[in-house]
> 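A single structure is presented below for examination.
A note on names: the letters A, B, ... follow the listed sequences, proteins ahead of strands, and every chain is numbered from 1. All values below come from the heavy atoms of this structure, side chains included, with hydrogens, waters and symmetry mates left out.
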Amino acid sequence: MKQRIEKLITNAALAAHHNGDLASSEIPDAEVEEPKAQAHGDFSTNIAMVMASSQKMPPRKIAGAIIDHLKDPDGIIAKTEIAGPGFINFFLEKSAWHPVLGKIHDANDRYGSSDIGKGRKIQVEFVSSNPTGPLHIGHGRGAAVGDTVANILSFCGYEVQREYYINDSGRQIRTLGQSVLLRYKQLHGHPIEFPDQCYQGAYIHEIAAEIKAQKGDILLSQPEDDAVLICARFAAEKILRGIREDLSFFGVEFDRWFSEQSLYDSGRVDTIINEFRNQGIIYEKEGALWFKTREFGDEKDRVVVTNDGRTTYFASDIAYHQDKYERGFQRVIDVWGADHHGYIPRMKAAIEACGHKRDQFDVILVQLVNLLRGGEPVAMSTRAGEFETLGDVVNEVGRDAARFIFLTRHHESALDFDLELAKQKTNDNPVYYVQYVHARISSIVRKAKERGKNNTAWDDTAIALLVAPEEIDLIKTLARYPEVIRSSAQTMEPHRITFYLMNLASVFHTYYNKHRVLVDDPRVRCGRLNLVLAVQKVIRNGLTLLNVSAPQEM
RNA sequence: GCGCCUGUAGCUCAGCCGGAUAGAGCAACGGACUUCUAAUCCGUAGGUCGCAGGUUCGAAUCCUGCCAGGCGUACCA
């Protein structure tokens with residue numbers, strides 16, 4: 001609808017120019033918004049004010065010229081007015097809104113989808129938690145954001161791939177092996193000293209016990225390095241299995257699990273380091289190899305190989321991201337914890353050094369989650385190994401509530417996640433508020449069938465009877481949905497959909513409390529049934545993007 | 001020190017590529033169930049948009065400086 005109005009305005013401005021009413025041919029794209037105040041109409045534009053300087057005319061006069069040339073062949077505009085310093089306000093006929101329902105009816109579960117992605121390949125990499133411990137609630141937020149962004153982009157015509165990068169190489173994996181081996185020795189009655197930097201959690205004990213059950217005391221007689229490696233591999237595999245299970249339980253499925261170690265095994269890391277060396281963007285200093293990220297806008301150069309010959313995490317990350325583009329992705333999106341934001345400039349540098357554009361790489365930063373129970377913070381120290389895992393949380397509050405709550409904030413705002421609140425089935429808890437709409441409408445449809453009053457055959461004359469203010473409000477809200485999806489895709493902000501759904505739910509509940517759907521007049525009933533069915537479709541559509549269920553009853 | 005993020009109603013947050021009188025939920029208070037699910041709705045009240053300048057016809061929104069909180073600033077990941 002908004003786009004239609006924009007078109008009418010642009011055409012009118014062009015016509016005004018051809019007629020000599022507007023001097024300059026410089027016609028900016030009309031920007032149309034929905035005014036906050038109802039008195040300002042259904043839509044308004046500031047185009048006359050924007051054009052004032054280039055046209056060298058007072059805004060209100062420009063507005064007048066545009067209105068004079070406005071063509072409205074479909075008769076959707078009831079009234080226009082020039083207001084304030086030069087706004088043009090549009091008041092629409094109620095009948096202008098009715099076709100929206102037809103569109104939803106026809107598009108069904110594709111309503112709101114678009115082709116802005118034009119089939120371009122895009123990759124979303126998210127979670128990518130080290131396999132050194134179970135996922136915690138912060139990873140859950142990253143998972144919800146990444147998964148939903150992927151859904152939205154796919155809905156908007158991108159070819160999306162979801163990927164999880166497994167950091168299965170390097171020091172932290174070795175530390176994991178050492179931690180397990182120590183606990184294993186302890187189980188065999190050896191006195192041990194357990195260093196602070198080792199992983200403290202109870203799961204380390206469990207893994208050690210499993211190894212003991214499978215292998216007995218055989219590791220005790222092996223060289224330390226071998227034993228550590230065996231423990232590391234065993235533990236990482238086991239933990240990764242748990243991570244997959246937790247994610248799957250949370251409704252997240254990846255297209256690919258990409259191993260960091262594979263980049264070393266295939267020699268990719270060495271290759272890129274040599275390439276950069278030949279290009280002169282990697283140099284040696286004090287025994288280490290440095291990548292000139294400064295030349296690409298970073299504040300200082302970064303080490304890729306340490307002076308004792310170990311590659312850094314950054315080195316494999318360069319190879320990894322290069323590989324992504326070689327797989328044909330035009331755009332790459334990484335979802336990171338906000339505490340990694342300092343890493344962005346060097347990653348952008350790497351992207352550019354590999355011959356790609358900086359804006360082909362985006363990072364979505366996700367702020368931390370404070371886990372609370374009844375307002376009291378829950379201890380969450382990974383080092384001490386005291387935490388509730390994502391699995392525990394999802395188990396306790398349910399997948400729907402967890403996913404929805406993660407998306408009730410802008411991803412860069414810190415989020416308080418209260419376990420008690422998340423379980424509450426009241427309107428403190430927005431998930432149920434939205435799901436309730438779906439259930440209520442399902443109930444209406446069931447009742448209609450029971451009473452044999454379920455004729456919903458499309459009938460323009462029945463739709464035309466939807467003229468109550470609450471009905472028009474509802475249709476207007478439904479009309480906004482495609483725009484919300486588009487902006488959500490463009491900004492990669494999934495919370496826009498969550499907010500939209502809460503708003504749609506609110507408008508629906510208001511309508512529900514004021515009007516009855518199953519009235520005696522068959523045509524009014526048919527029109528209203530079609531209206532609520534459209535609401536139900538959009539609610540389901542939006543919840544599906546969030547991967548939250550749309551229940552038939554509650 | 002430098003960089004990034006945040007600061008909007010008592011609380012939790014939207015709005016931020018400039019628009020008209022700044023929004024929602026919760027909490028508070030007062031109402032609405034013989035009806036299609038009260039997990040709902042209606043009403044009242046609540047604000048120096050951190051502070052100070054600047055740009056503009058117009059600033060919560062853009063720019064500068066300051067204040068407060070968080071994070072980062074490794075030959076860690």
> If you check the A:R440 side chain, which of B:A14, B:C75, B:U40 turns out closest?
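Minimum distance to the A:R440 side chain belongs to B:U40.
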> With C1' as the reference atom in both, quote the distance from B:G10 to B:A28 in angstrom, rounded to an integer.
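One C1' to the other, the span is 10 Å.
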> Taking the basic N atoms (NZ, or NE/NH1/NH2) and the acidic carboxylate oxygens, is any pair closer than 4.0 Å for A:E396 and A:K423?
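The answer is yes: the pair qualifies as a salt bridge.
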> Within the stacking criterion (centroid distance below 5.5 Å, interplanar angle below 30°), does A:H340 stack on B:A77?
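Whether judged by distance or by angle, A:H340 passes, so it stacks on the base of B:A77.
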> Find the partner of B:C16: check Watson-Crick (N1-N3 plus N6-O4 or O6-N4) and G-U wobble (N1-O2, O6-N3) distances, both under 3.5 Å, and reply none if neither fits.
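Base partner found: none.
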> Roughly how far, to the nearest 0.5 Å, is the CZ atom of A:R496 from the CD1 atom of A:I152?
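Between A:I152 CD1 and A:R496 CZ, I get 10.5 Å after rounding to 0.5 Å.
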> Using the C1' atoms only, state how far B:U6 lies from B:C16, rounded to an integer number of Å.
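Here B:C16 and B:U6 have their C1' atoms 13 Å from each other.
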> Using a heavy-atom cut-off of 4.0 Å across all strands, would you classify A:F314 as base, sugar-phosphate, or nothing?
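Nothing: the residue A:F314, judged by heavy atoms under 4.0 Å, touches no strand.
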> Would you say A:N530 and A:T456 are linked by a side-chain donor-acceptor pair, where the criterion is simply a distance under 3.5 Å?
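No, no side-chain donor-acceptor pair sits under 3.5 Å.
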> When you get a sec, tell me which of B:A20, B:U12, B:C16 is the closest nucleotide to the side chain of A:R496?
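Nearest to the side-chain atoms of A:R496, counting from C-beta on, is B:C16.
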> For nucleotides B:G47 and B:C42, find the distance between their C1' atoms and express it as a whole number of Å.
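Roughly 24 Å separates the two C1' atoms.
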> Is there a donor-acceptor contact under 3.5 Å linking the side chains of A:T132 and A:Q172?
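No, no side-chain donor-acceptor contact under 3.5 Å.
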> Ignoring hydrogens and angles, state whether a donor on the side chain of A:Y164 or A:E125 is under 3.5 Å from an acceptor on the partner side chain.
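No donor-acceptor contact under 3.5 Å links the two side chains.
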> Using whole Å, report how far CD of A:E470 lies from C1' of B:C41.
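For the pair A:E470 CD and B:C41 C1', the rounded distance is 12 Å.
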> Provide the distance between the two C1' atoms, one in B:U48 and one in B:A59, to the nearest whole Å.
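Roughly 15 Å separates the two C1' atoms.
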> Look through every strand shown and name the nucleotide pairing with B:U21 as Watson-Crick or G-U wobble, where both distances are under 3.5 Å.
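By the stated definition (distances under 3.5 Å), nothing pairs with B:U21.
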> Heavy atoms from C-beta onward define the side chain here; which of B:C75, B:A38, B:C36 lies closest to that of A:V517?
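Of the options given, the side chain of A:V517 lies nearest B:C36.
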> For the pair A:F508 and A:Y512, name the ring-plane relationship: parallel under 30°, tilted 30 to 60°, perpendicular over 60°.
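A:F508 vs A:Y512 ring planes: tilted.
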> Of all the choices, B:C75, B:A20, B:U40, which nucleotide is nearest to the side chain of A:Y433 once you look at every atom?
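Selected nucleotide (nearest to the side chain): B:U40.
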> Confirm from the modelled atom types if A:E286 and B:C75 form a donor-acceptor pair under 3.5 Å, side chain to base only.
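Such a pair is found, so the answer is yes.
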> Is a side-chain donor-acceptor pair under 3.5 Å present for A:E31 with A:T45?
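There is no such pair (donor and acceptor under 3.5 Å, judged by atom type) between the side chains of A:T45 and A:E31.
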> Establish, with yes or no, whether the OP1 or OP2 oxygen of B:A39 is under 4.0 angstrom from a side-chain nitrogen or oxygen of A:Y436.
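Looking at the OP1 and OP2 atoms of B:A39, one of them is under 4.0 Å from a side-chain N or O of A:Y436.
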> Taking a pair as Watson-Crick or G-U wobble with both distances under 3.5 Å, which nucleotide is matched to B:U64?
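Its partner is B:A52 (Watson-Crick or G-U wobble, both distances under 3.5 Å).
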> Identify which nucleotide among B:A39, B:C36, B:C41 has an atom closest to any side-chain atom of A:R516, counting heavy atoms from C-beta outward.
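Taking heavy atoms from C-beta onward, the closest nucleotide is B:C36.
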> Between B:U34 and B:G15, how far is it from one P atom to the other, in whole Å?
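Pairwise P distance, B:U34 against B:G15, rounds to 41 Å.
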> For the C1' atoms, the ones on B:G50 and on B:A60, what distance do you get once it is rounded to whole angstrom?
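Each nucleotide's C1' atom is 12 Å from the other's.
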> Quick one: label A:N307 by what it contacts on the DNA or RNA (base, sugar-phosphate, nothing), any heavy atom closer than 4.0 Å.
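Counting heavy atoms under 4.0 Å across all strands, the contact made by A:N307 includes a base.
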> Any idea which of B:U40, B:C36, B:A20 is nearest the A:N89 side chain?
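So the nucleotide nearest the side chain must be B:A20.
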> Which nucleotide in the set B:A20, B:A39, B:C36 lies at the smallest distance from any side-chain heavy atom of A:L518?
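Out of B:A20, B:A39, B:C36, the nucleotide with an atom closest to A:L518's side chain is B:C36.
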> Taking the side chain of A:R171 as its heavy atoms from C-beta onward, which of B:A38, B:A20, B:C76 lies nearest to it?
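Given the options B:A38, B:A20, B:C76, the side chain of A:R171 is closest to B:C76.
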> Nearest whole Å is fine: how far is B:G72 P from A:K348 NZ?
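In whole Å, B:G72 P and A:K348 NZ are 21 Å from each other.
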> Between A:S413 and B:A14, is there a contact of a side-chain N or O with OP1 or OP2 at under 4.0 Å?
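Checking A:S413 against B:A14: at least one side-chain N or O falls below 4.0 Å of OP1 or OP2.
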> Only pairs with both distances under 3.5 Å count, Watson-Crick or wobble alike; so what is the partner of B:G58 in this structure?
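Per the H-bond distance test, none.
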> Does A:H495 put a side-chain nitrogen or oxygen below 4.0 Å from OP1 or OP2 of B:A24?
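No, no such contact exists.
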> For A:E553, report the nucleic acid contact type (base, sugar-phosphate, nothing); a contact means any heavy atom under 4.0 Å.
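Base contact.
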> Could you tell me the Watson-Crick or G-U partner of B:A9, where both distances fall under 3.5 Å? Say none if there is no partner.
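WC or wobble partner does not exist here.
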> With the side chain of A:E493 defined as its heavy atoms from C-beta on, choose the nearest nucleotide among B:A14, B:A77, B:G15.
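So the nucleotide nearest the side chain must be B:G15.
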> Indicate, with a heavy-atom threshold strictly under 4.0 Å, whether A:K300 touches base, sugar-phosphate, or nothing.
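Sugar-phosphate contact only.
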> Base, sugar-phosphate or nothing for A:R451? Non-hydrogen atoms, less than 4.0 Å.
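The residue A:R451 makes sugar-phosphate contact but no base contact.
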> Among side-chain atoms of A:E493 and A:H410, is any donor-acceptor pair under 3.5 angstrom?
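Yes, A:H410 and A:E493 have a side-chain donor paired with an acceptor closer than 3.5 Å.
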> In the strands shown, is B:A32 matched to any nucleotide by a Watson-Crick or G-U wobble pair with both distances under 3.5 Å, and which?
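Pairing partner, where one exists within any strand: B:U40.
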> Got a donor-acceptor pair under 3.5 Å from the side chain of A:H341 to the base of B:G3?
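Counting by modelled atom types and ignoring angles, a donor-acceptor contact under 3.5 Å is found here.
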> Can A:N307 and A:E286 be counted as having a side-chain donor-acceptor contact under 3.5 angstrom?
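Note: A:N307 and A:E286 side chains miss the donor-acceptor criterion.
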> Using a heavy-atom cut-off of 4.0 Å across all strands, would you classify A:A52 as base, sugar-phosphate, or nothing?
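Counting heavy atoms under 4.0 Å across all strands, no contact is made by A:A52.
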> Side chain of A:Y512, heavy atoms from C-beta onward: which of B:A38, B:C57, B:C13 has the nearest atom to it?
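Out of B:A38, B:C57, B:C13, the nucleotide with an atom closest to A:Y512's side chain is B:A38.
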> For B:A77, does the base pair up with any side-chain atom of A:D339 as donor and acceptor (N or O, under 3.5 Å, distance only)?
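Flag unset: no donor-acceptor pair detected.
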> Under 4.0 Å, counting only non-hydrogen atoms across every strand here, what does A:F499 touch: a base, just sugar-phosphate, or nothing?
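A:F499: backbone/sugar contact only, no base atoms under 4.0 Å.
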> Across all strands shown, which nucleotide pairs with B:U73 by Watson-Crick or G-U wobble geometry, both distances under 3.5 Å?
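B:U73 is paired, partner B:G1.
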> Classify A:M49 by what it touches in the nucleic acid, base, sugar-phosphate, or nothing, heavy-atom distance under 4.0 Å.
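Base: the residue A:M49, judged by heavy atoms under 4.0 Å, touches a nucleobase.
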> Report yes if at least one side-chain N or O of A:T312 is closer than 4.0 Å to OP1 or OP2 of B:A74; otherwise report no.
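No, A:T312 has no side-chain N/O under 4.0 Å of OP1/OP2 on B:A74.
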> Does A:R60 have a side-chain nitrogen or oxygen under 4.0 Å from the phosphate oxygens OP1 or OP2 of B:C57?
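Checking B:C57 against A:R60, no side-chain N or O comes under 4.0 Å of OP1 or OP2.
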> Going by modelled atom types, is there a donor-acceptor pair between the base of B:A20 and the side chain of A:S44 at under 3.5 Å?
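Indeed there is one.
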